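Note sheet for the following structure.
This one's a predicted model, so the numbers in the text were calculated from it and none came from an experiment. Sequence lines set the chain letters: A, B, ... in the order given, protein chains first and strands last, and positions in each chain run from 1. Values reported hereafter were calculated over all heavy atoms of this structure, with side chains retained and with hydrogens, waters and symmetry mates removed.
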Amino acid sequence: MERILREILSKTRINDQQPSTDSIEIEIPKGEGHGDLSTPMAMGLARQLKKPPKKTAEDIVNAIENKEIFDKIEIAGPGFINFVFTRAFLCSEIKSLLKEREAFLTEDIGKGKRIQIEFVSANPTGPMHLGHGRGAALGAALSNLLTEAGYKVEKEFYINDAGGQVRQLGLSVFAKYKQLCGVDYPFPEGGYRGDYVEDLARELKDKYGDEFARKDFDEVSQTIIDFSYLKMLAALRKDLEDFGVFFDSWQSERELYAQGEVVKAIDDLRERGYIYEEDGATWFRSTAFGDDKDRVIVKKDGEYTYFAPDIAYHRKKIEKGFDELIDIWGADHHGYIPRMQAVIQALGCPRDSLRVLLVQMVSLLKGGRPVQMSKRAGEFITLREVMDDIGADTTKFLFLTRRPDSHLEVDIEVAKAQSSENPVYYVQYAHARINSIFEKAGQEAEKPQDSNSKLNPLPVTRYPLLDFNGELFNEEEMRIVKKLLYYPMLLKSAALAHEPHRITFYLQELAGMFHPYYHKYKVVTEDAELSRARLALCSAVQVVLRHGLKILGVEAPERM
RNA sequence: GCGCCUGUAGCUCAGUUGGAUAGAGCAUCGGCCUCCGAAGCCGAGGGUCGGAGGUUCGAAUCCUCUCAGGCGCACCA
């Protein structure tokens, strides 16, 4: 309905000026009594035209040609124009929804533009914590959202398999392995201490026996490191899949080195004039694009800094020809944004072709007490544990009911206690409930009817009920109708803002309208025509719930 | 010291990119299953939007200052 209103408004001429389609703001009024949709456009226009807002609003209203779909158009407050649609129009929109489904719910704002989203990218040196889970839930939901909005999305995981981290893992496993072989060996400073390190050592011994017991780490480091990190990577992947998160592409850091991408990237920047040597090191002039200081990419000792492969990595992303890049990082990396955007600009791309979304940390509580989350200490709660405790759907929903940049506290005890009354079930329950309404309707339809029943004898869940009489809708039903018709607007704004959590809230609101309605009115009644109308509404609610849940990556169960 | 994020109901959080009278879920209290699913419904209480100025038709939202918490400020990854 927003689309149609926008079209109508864009055709109005005020003082020979035609407002551009994009400049027209259309809002969902907060409270009732301000129309079904409203626009503050007169207030903005009034300033330009130097006329009173109310007068401008009148001019706009007078310029509207096609008024049949409106029941009422009011000018209110300082100059809002409030639109009330006719029941017939709203119902015809619901019919379109039932008929066109996804096509009705979504709008192609992406126009096939290609976006790459890189997220999680957890080091393969240990299990994922809740912060990774938050990033995973967000990245997956965002890519679903943007896909629905008409973008071509690629999901990528960057594997840090080249640096000191995986070496540290290898060293830790090696130390444990030696100990298992009965050889005294010091555990590395700052090594990884989790139980999984011992598990890896044991698996290593199972596979290779005492083969490495008398060797130095340097002699066998590659084998040990590869063995360890590949196992960890496989575990990460399994956890992510069980969490319902899948990637299209896995980019290895090592591969960037092996294929000469790192050297190429530095050469490229050098040609563009952003590389210089000083104090025996090689620097990238990131200050040219607003960074605090220039950054070293090759150290005095000839080693690359971590930043070098990151440059190569992002250069490769650009080469792949994406229209927009999105990186989802933990908030503790926010200091890298300026230098990464400097890279993008140095390579000739506009600054905002890379958008970095920060996911704030998740602090974990257990019965009100903070849990230390250090890998060193070896005690931390993993995404896997939480998932196993309260379920993947609940966990995802939990993350997606928060803005990504809000600091999130999760009390694991509370989460467990609430798992059976979690908001996710509230939404899923509405979906399942509608399903059982249709089962009931199906049974009723199969019963031998004595007289004039017009219930559709077909399996009603599979076929949209296009033939219903919207005149029969009561006030509550009309409110649900409008709520459903707001969904496409919401989806669009969520996609533009890159904020999937808006969908989560919408779904709770929609379910929050459906459940009371269900309690108050019977859907399947003696009155066949009324039943058809109500079933149509239920079907529409279900279509929207299913669509929203799908974007969030949460199951829409038929039964619970 | 500098930078980024966050301060909204007892708790956890939304607030449509500056819109109209600030919302939800938990928690608390009181009710509802012969009736399409009680993972549900109905009702009640609860607020100086951290604080102070400013911008304008209009501010929880934008600007300045300030207080509190978190996180960053490497030739570590």
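Nearest to the side chain of A:D332, among B:C13, B:G15, B:G72, sits B:G72. Out of B:G19, B:C36, B:C75, the shortest distance to the side chain of A:W283 is found at B:C75. Listed candidates were B:A20, B:A74, B:A14. Nearest to the side chain of A:K293 is B:A74. The side chain of A:H519 sits closest to B:C41 out of B:C41, B:U12, B:A20. Here the nucleotide nearest the side chain of A:Y429, chosen from B:U6, B:C13, B:G37, is B:G37.
Contacts of A:F505 with the nucleic acid, taken as non-hydrogen atoms under 4.0 Å apart, involve only primed sugar atoms and P, OP1 or OP2. Using a 4.0 Å heavy-atom distance criterion, A:D279 is classed as a base contact. A:N82 comes within contact range of at least one nucleobase, with a heavy-atom separation under 4.0 Å. Among the protein residues, A:R559 comes within range of the nucleic acid bases, having at least one heavy atom under 4.0 Å from a base atom. In this structure, A:Q508 reaches neither bases nor backbone, as no heavy-atom distance under 4.0 Å exists between it and the strands shown. At the heavy-atom level, A:H515 lies under 4.0 Å from the strands shown only through sugar-phosphate atoms. Within the 4.0 angstrom heavy-atom criterion, only backbone atoms of the sugar-phosphate kind lie near A:Y426; the bases stay farther away. Across all strands shown, A:A432 has heavy atoms under 4.0 Å from base atoms, whether or not it also approaches the sugar-phosphate. Within the nucleic acid shown, A:K520 has no heavy atom closer than 4.0 Å to any nucleic acid atom. Residue contacts for A:T504: at a heavy-atom cut-off of 4.0 Å it reaches no nucleic acid atom on any strand shown. Using a 4.0 Å heavy-atom distance criterion, A:P516 is classed as a sugar-phosphate-only contact.
Separation of the P atoms belonging to B:U6 and B:G43 is 35 Å when rounded to the nearest angstrom. Across the C1' atoms, B:G51 and B:U8 are found 14 Å apart, a figure rounded to whole Å. Comparing the P positions of B:G30 and B:A68 gives an interatomic distance of 42 Å, to the nearest angstrom. Comparing B:G7 with B:C75, their P atoms are spaced 33 Å from each other, to the whole Å. Look at the C1' atom in both B:C13 and B:A22: the space between them is 14 Å, to the nearest Å. When the P atom is used for both B:G1 and B:G45, the distance is 47 Å, rounded to whole Å. Annotation: B:G53 and B:A59 have their P atoms spaced 14 Å apart (nearest Å). Comparing the C1' positions of B:G40 and B:C35 gives a spacing of 14 Å, expressed to the nearest Å.
The existence of a salt bridge linking A:E476 and A:R479 is excluded, since no basic side-chain nitrogen approaches an acidic carboxylate oxygen closer than 4.0 Å. In summary, A:R3 and A:E107 engage in a salt bridge, as defined by a charged side-chain N under 4.0 Å from a carboxylate O. Taking a cutoff of 4.0 Å between a charged side-chain nitrogen and a carboxylate oxygen, A:D59 and A:K51 qualify as a salt bridge. Using a cut-off of 4.0 Å between Lys/Arg side-chain N and Asp/Glu carboxylate O, A:R559 and A:E439 are scored as salt-bridged. We find that A:E477 and A:K482 are not joined by a salt bridge, their nearest charged nitrogen and carboxylate oxygen being 4.0 Å or further apart.
Distances shorter than 4.0 Å separate some side-chain N or O of A:S406 from OP1 or OP2 on B:A14. Side-chain N/O atoms of A:S436 include one lying less than 4.0 angstrom from OP1 or OP2 on B:G37. Contact between the side-chain N/O atoms of A:R433 and the OP1/OP2 oxygens of B:A38 is found at a separation under 4.0 Å. Contact annotation: A:R403 side-chain N/O to B:A14 OP1/OP2 distance is under 4.0 Å.
With rounding to whole Å, A:Y521 atom OH is found 21 Å from B:C35 atom P. Between A:E509 atom CD and B:C13 atom C1' the separation is 13 Å, expressed in whole Å. Distance A:R295 CZ to B:C75 P: 8 Å, rounded to the nearest Å. Protein atom CD of A:Q360 is 10 Å distant from nucleotide atom P of B:G72, rounded to whole Å. Taking atom CG of A:L408 as the reference point, atom P of B:C5 lies 18 Å away to the nearest angstrom. When rounded to the nearest whole Å, the span between OH of A:Y306 and P of B:C75 equals 9 Å. One atom, NE2 of A:H34, and another, C1' of B:A20, lie 4 Å apart when rounded to the nearest Å. Taking atom CE of A:M361 as the reference point, atom P of B:U12 lies 18 Å away to the nearest angstrom.
Of the listed residues (A:D527, A:L472, A:N474), just one forms a side chain to side chain contact (heavy atoms under 4.5 Å, CB included) with A:R534, and that residue is A:N474. Screening A:D292, A:D291, A:T287 for a side chain to side chain contact (heavy atoms under 4.5 Å, CB included) with A:P338, the sole residue that qualifies is A:D291.
Interface remark: the A:H407 side chain does not form any donor-acceptor pair with the B:G7 base, using a distance-only criterion of under 3.5 Å. Looking at A:H333, its side chain has no donor and acceptor atom pair within 3.5 Å of the base of B:G72. A donor N or O paired with an acceptor N or O is not found under 3.5 Å between the base of B:A14 and the side-chain atoms of A:T401.
With a glycosidic angle further than 90° from 0, B:U28 counts as anti. Shown here, B:C33 is classed syn by the O4'-C1'-N9-C4 or O4'-C1'-N1-C2 angle, which is within 90° of 0.
Using the Watson-Crick or G-U wobble rule with both distances under 3.5 Å, B:C11 pairs with B:G25. B:C4 and B:G70 make up a base pair, with Watson-Crick or G-U wobble contacts both under 3.5 Å. When both distances must be under 3.5 Å, the Watson-Crick or G-U wobble mate of B:C41 is B:G31. Remark: B:C57 base-pairs with B:G19. Criterion, Watson-Crick or G-U wobble with two distances under 3.5 Å.
Residues A:H498 and A:P423 each lie close to RNA chain B; by heavy-atom proximity, the contact nearer the 5' end of the strand is made by A:H498. Closest-nucleotide positions on RNA chain B for A:K30 and A:A331 were compared, and the one nearer the 5' end corresponds to A:K30.
Look at A:Y518 and the base of B:C36; the rings stack, centres closer than 5.5 Å and planes less than 30° apart. Judged by ring centres under 5.5 Å apart and planes tilted less than 30 degrees, A:F80 stacks against the six-membered base ring of B:A20.
Between A:S121 and A:N160, the shortest heavy-atom contact is O-OD1, 3.9 Å. Annotation for A:R270 and A:I275: closest pair N-CG1, 3.4 Å, computed over non-hydrogen atoms.
For A:E475, the CD atom counts as loosely surrounded, since its 6.0 Å shell holds 12 or fewer non-hydrogen atoms of other residues, nucleotides or ligands.
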